[in-house]
Structure formats: structure tokens, C-alpha cells
Amino acid sequence: MDDKRYIDLIKSTNIADYSDIKGIIIIKPYGYSIWNNIKIIFDKILIKNKYNNLYFPLLISKKLFQLEYKTLNIIPKECAIVTHSRFKINNNKLIVDKKSKLNEELIIRPTSETVIWSTLKRWIQSYRDLPKLINQWCNVIRLEMRNKFFIRNSEFLWQEGHSIHSSKKEALLEIKKVKKMYKKILKNYLCIPFITGYKTFKETFLGAKFTYSFETITKEKGKSIQLATIHYLSNNFSKVYNVKYTNIMGKRVCTWGTSWGISTRLIGAIIMIHNDKKGLILPPKIAPIQIIILPLIDNYKIKRIIIYLKDILKKSNITFEIDDNFNITPGKKFYKYDNMGIPIKLIIGINEIRNNTVELIRRDTFQKYYLYINNNIYIKILKILNSIQKRIYIFAKKRMRTKTYFVKSFKSFIKKINRNCGFYATYWYSNSKNELTIQKLTQYTIRCIIKKSNKKHKCFFSNKYTNTKIILGKSY
RNA sequence: CGGGGUGUAGCGUAGCCUGGUUAAUCGCGCCUGGUUUGGGACCAGGAGAUCAUAAGUUCAAAUCUUAUCACCCCGACCA
């Protein structure tokens, strides 16, 4: 899918639109509904894992950032900074009233570690207060130079989970738990295959000891998309904000933290991964509409069938919509709903009335089924929804595999990337300078370090011996 | 911030080089009426644009000149 097709698809399916500010988009009902489904699913997973939702403020004072700089050398980039509070009129034009300059600048959150950890100090006194497992669904702003619908917006919606623990061991265990949580939603619900691993030092979140990431590639282009990240904060933020607790021995000791997130970028990933010539193919479990019912003629018998079907679908928790606008021809409707990626079309016309059936067409294969209308019809429908869910995951996974290559030398790497974009596995002797050189030469970056083997191998770039295996990819 | 490009109706565009009954073409979409309706229907009619903004050249500017602004693509930044 080229960029134009991607943008066209988002616009024609009413998922999102541009706003009048560069890099900031409007998420329309159909798109928001996808996000909302992701949210509902992940919220359940969070609750199961004992997380509590809460909300921290949008604006953060500068003095907190100053603290982080002092201790961890974090320099915030790409922030929106609020400096004034008032306008005045000059020559019939609105201008910022310089007299209204704020004593201290406020920063719109690019992420919330700052405001959360500075608050935790007051919430955590004893080992009995730990662990603290919190999550918030919110928007953040990171002013980027270059933008792309959902993949890189200046404002995006996300979930940020934060956990604070009494020991290093417990914090690391929590990271394992979060990995499972993300694996579950990405694979079982969004049907997105992925690779996982640690970010290089250069790409690690500022203030984190390590960053663990989930990466995938797009259908045609084979470009990399980062789906989720988990940061192990160690006791770094505990040091900055002096978040300490009294342990069972009566000693005051530091806390250990993690933070992690998934964002509306996932919508972009879904679009880029699940599509064909006819448009989107949404995974049934997050599709805003799972079934579109299309009566072909305006007829009382059909109306009766629809009422009957409605009842059954509602009882089986299948989301559906009925399009009984007869001013639009069937062909046009078929194209429209195919484009929107609705998993199943149910068609009812004269033939169906005669045979007491409905015609079912699944979006992924366009296979047709004729189902008898009776109380058990939902069983077959659920089966097909499930089958679509599984099939699109398997297909995406196969595709990712065929787009994953192994290279031994930089020379063969260069040769191959000219032909195929994708994931490139190789051995790597850690060196930030070389990392940058590779990026400049090829536009490829190290997506993640996937494992450390026992055997030593030659680094594909420096020829030094190493046991580190990495995946390279071309990012959006 | 560097290099390139584009601004004409809700969207996509023609016209610009060579200024003149062109206050603007065509397609999609929208509205009204009718005939249609099993994979993007057709006919008839209709609404909708101070041609990005500002200044200049000229008898005359969408068209030429200058400035400004916005957006897009390619780099640096990046969940």
C-alpha cells in the first residue's frame, strides 16, 4: 500500500480526517469505535492484572522537568510549551498579550512519568502501599516534524501503564506480565504478528534502564512499525522524585518502576496489515460492525426475517447494522462495506425468501455460504467470524516470515535491501557510532535485539565477535 | 532548519507557459423529480468558488512580478 492509498483508505472509510493543524488528526466515529474496542478489551486485561485506571493532568510544570534533567539528564524534545494566558486585539488581529506571560512555563504532557512519580512520593510511605499498579487512558502531545495518519501524529491517544514496586525483582516480573498482556491483545485481538526484543542504548527511553519493544512490518512495503513499548525504569525516577518507602525492617529504601504503552498507532498498523485491493479487512474482534445486513428489496417478508435475525444477533453479542436504503444500488453498498472491512455481509433477496436462507459472504476470502434461517444460525456466524480472525492472523504472520531475511555481511545486506524491504536478522557488536552510520547509509535502524546466543558470531558490520542477534528494519 | 513541489467548490482537477466575452472546465459527492435495484444505475433539473493572502505591473490578472502564509514529498527529530 502506498501512502496515497493509505490516506485514501482512511478517508473513504471515515476512520479519520485532517484537522487544520499540521500533524493533528480528527478521529471519526468509525475510527474511534475501533480504538474504543481496543480500549474495552485492554481495560479488561488491565483489571484482571489488578491495574486501576486514574487520571493525571494534561499540564506539567517546568520545574519537574528541570529535576529530571538534573538527575537523569533528560532533555525533553518535541514538547508543546504553554507560555501565555491571554490575547489582545491589535489592528483587528488577535495577538498574544505579552503581559500575560506565565511565571513558569507549562508543558503539555509528552508522557506522564514526570507528573506521576512526583505525586507518588505522597502516596507511598510503607511497603504496605506497594505495589502501585496504575493506568491512564489519555492524549499526549509530541510535536513531530513529519507526520503520518496514526503512525506519527503530534497528538495521539494511548494507554500508559505505570507500576511501582518494592524490589527490582518484582519490577522485572511485572515486565514479564505486561509482555503477556500485550502479546494477548496484539495476537488474539488485533491479529498482528510481531517480533520482540530490547532497544539499543540509542533508542532506549530516556530515563529507562532498558526498553522492550514489539515490532511488526506492513503488508506490501515491509516497513517497520513499533506497536508497543515497555520501559524498565529501574530506580531512576525513584531517585529523581525521592519516592521511597519504609520496608518491613523499618529502613527507608527506594522503589522500582516500569512504564508501558500502546497508542492509536495500532489503528494505523491494523490498516496497513489487514487490507486488500477492495479495502480494509478488520479483525472481527475489534470491528465496529461485525455484520452488515443488506436487504435487496423492500418487502414485508424480508422485514420479518430481519426482525428475527436482529433478535438472534443481539442475544449472541454480535454487532451488526442494517442498510435498508433502497436508493443506493446493491453493488455500491457491497463495495462500500467491503472497503470498510466489515467481516461479514448478510444478503437477503427474493431467492433467500424462497429458500428460507440468507446469503453470507465473508470479507477475507469472499467465500459464499447459504444459511438456513433458524435459531441456530448464530452458531455458524460465530464460527465464520472466528475463522476470519484466525485466518488473517496466520496470513499476516506468514507474510512477516517471508519478509524476514538473514544476512551475514553488510555487503549482502545492502544487496538485499535494494530488492526487498523487510526485517533483517543479523549479528551485531554494539556500537552507537556504527548504528548511526548504518542508519545514514541505508535508512535502516536496529528495531530490537532479539536474543543473545551462547555461540559467538561475527558482527555483520564490524566483524568483531559477538553473541547479540538483532533485527534491522526500515521505519515509517 | 536544508533541498524540491503545490495552493482553483466538500473532495479531486482543467485553465497559468503565450493576460482579454473564461467571474472559471470536467469528474466524484450533495439537493429535487422520475425510472431502476443479485457486485460501483440512468435521465432531467439544481445548489455550491471573493481562483491561499497581500502588494505591484497593466486599459485588463486565476494567468506576469514580489512578499507572506499554509500544506505535501525527500533529509535531521520520533510512541
Side-chain angles (χ1 to χ4, degrees), chain A residues 2-4 7-8 10-12 14 17-24 75-79 93 109-113 138-161 182 199 202-206 208 211-215 224-231 259-269 277-279 294-299 302 323-339 345-355 357-359 361 363 366 368 370 436 439-443 445 447 475-476:
Chain A
D2 58 24
D3 293 353
K4 195 181 176 300
I7 294 165
D8 282 352
I10 285 170
K11 287 196 168 184
S12 66
N14 278 323
D17 201 354
Y18 288 118
S19 75
D20 62 350
I21 300 170
K22 178 183 146 70
I24 293 187
I75 305 165
K77 290 171 189 166
E78 71 212 21
C79 287
K93 278 184 184 164
R109 62 178 164 221
T111 175
S112 305
E113 276 81 2
C138 66
N139 60 336
V140 291
I141 286 194
R142 297 175 189 181
L143 297 179
E144 305 274 3
M145 299 299 178
R146 293 185 58 190
N147 312 94
K148 189 174 191 65
F149 264 127
F150 294 113
I151 302 298
R152 184 153 293 112
N153 294 141
S154 287
E155 179 183 9
F156 57 90
L157 305 180
W158 76 347
Q159 146 293 304
E160 48 177 321
Y182 280 155
K199 285 284 181 190
K202 186 175 155 272
E203 307 255 334
T204 299
F205 174 69
L206 290 168
T211 293
Y212 191 83
S213 84
F214 291 69
E215 310 268 337
S224 308
I225 300 179
Q226 184 173 300
L227 300 163
T229 49
I230 306 170
H231 310 298
S259 69
W260 28 276
I262 49 173
S263 72
T264 40
R265 178 184 274 181
L266 289 178
I267 297 173
K277 273 182 211 157
K278 295 210 168 180
L294 297 165
L296 294 183
I297 44 170
D298 200 1
N299 173 309
I302 288 187
D323 189 339
D324 53 4
N325 179 356
F326 296 103
N327 293 323
I328 298 170
T329 55
K332 194 163 189 177
K333 288 183 189 173
F334 296 156
Y335 274 87
K336 179 183 165 188
Y337 296 114
D338 286 346
N339 191 43
K345 292 192 292 289
L346 283 184
I347 297 161
I348 315 165
I350 288 176
N351 297 338
E352 282 71 24
I353 297 176
R354 208 173 286 143
N355 304 330
T357 56
V358 289
E359 186 189 9
I361 306 177
R363 174 63 183 84
F366 287 100
K368 287 181 184 177
Y370 295 92
L436 201 68
Q439 189 183 347
K440 282 199 173 152
L441 288 173
T442 66
Q443 292 182 1
T445 49
R447 304 313 306 167
S475 152
Y476 260 107

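Naming: A, B, ... by sequence-line order, numbering from 1 per chain.
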Are Tyr370(A) and Asn355(A) packed together at the side-chain level, in the sense that at least one heavy-atom pair is separated by less than 4.5 angstrom?
no
Main-chain N/O of Arg142(A) paired with Glu78(A) side-chain donor or acceptor, under 3.5 Å
no
Measuring from atom CZ of Phe150(A) to atom CZ of Phe156(A), what distance do you get when rounded to the nearest 0.5 angstrom?
13.0 Å
If you find the nucleotide of RNA chain B closest to Asn351(A) and the one closest to Leu436(A), which residue's nucleotide is nearer the 5' end?
Asn351(A)
Between G29(B) and Lys332(A), is there an OP1 or OP2 to side-chain N/O distance shorter than 4.0 Å?
yes
Face-to-face contact Tyr335(A) to G40(B) six-ring, under 5.5 Å, under 30°:
yes
Considering only heavy side-chain atoms of Gln443(A), the closest of G38(B), G75(B), C77(B) is G75(B)
Closer than 4.0 Å, any side-chain N/O of Lys22(A) to the OP1 or OP2 of C72(B)?
yes
Does the G38(B) base have a donor-acceptor partner in the side chain of Glu352(A) within less than 3.5 Å?
yes
Go ahead and write out RNA chain B as dot-bracket, 5' to 3': ( ) for pairs within the strand, [ ] for ones crossing earlier pairs, | when the partner sits on another strand, dots for unpaired; Watson-Crick or G-U wobble, both distances under 3.5 Å.
(((((((..(((.......[.....))).((((((.....)))))).....(((((..]....))))))))))))....
Among U36(B), C72(B), C77(B), which nucleotide sits nearest the side chain of Thr329(A)?
U36(B)
Nearest of G38(B), U36(B), G39(B) to any side-chain atom of Asn327(A)?
U36(B)
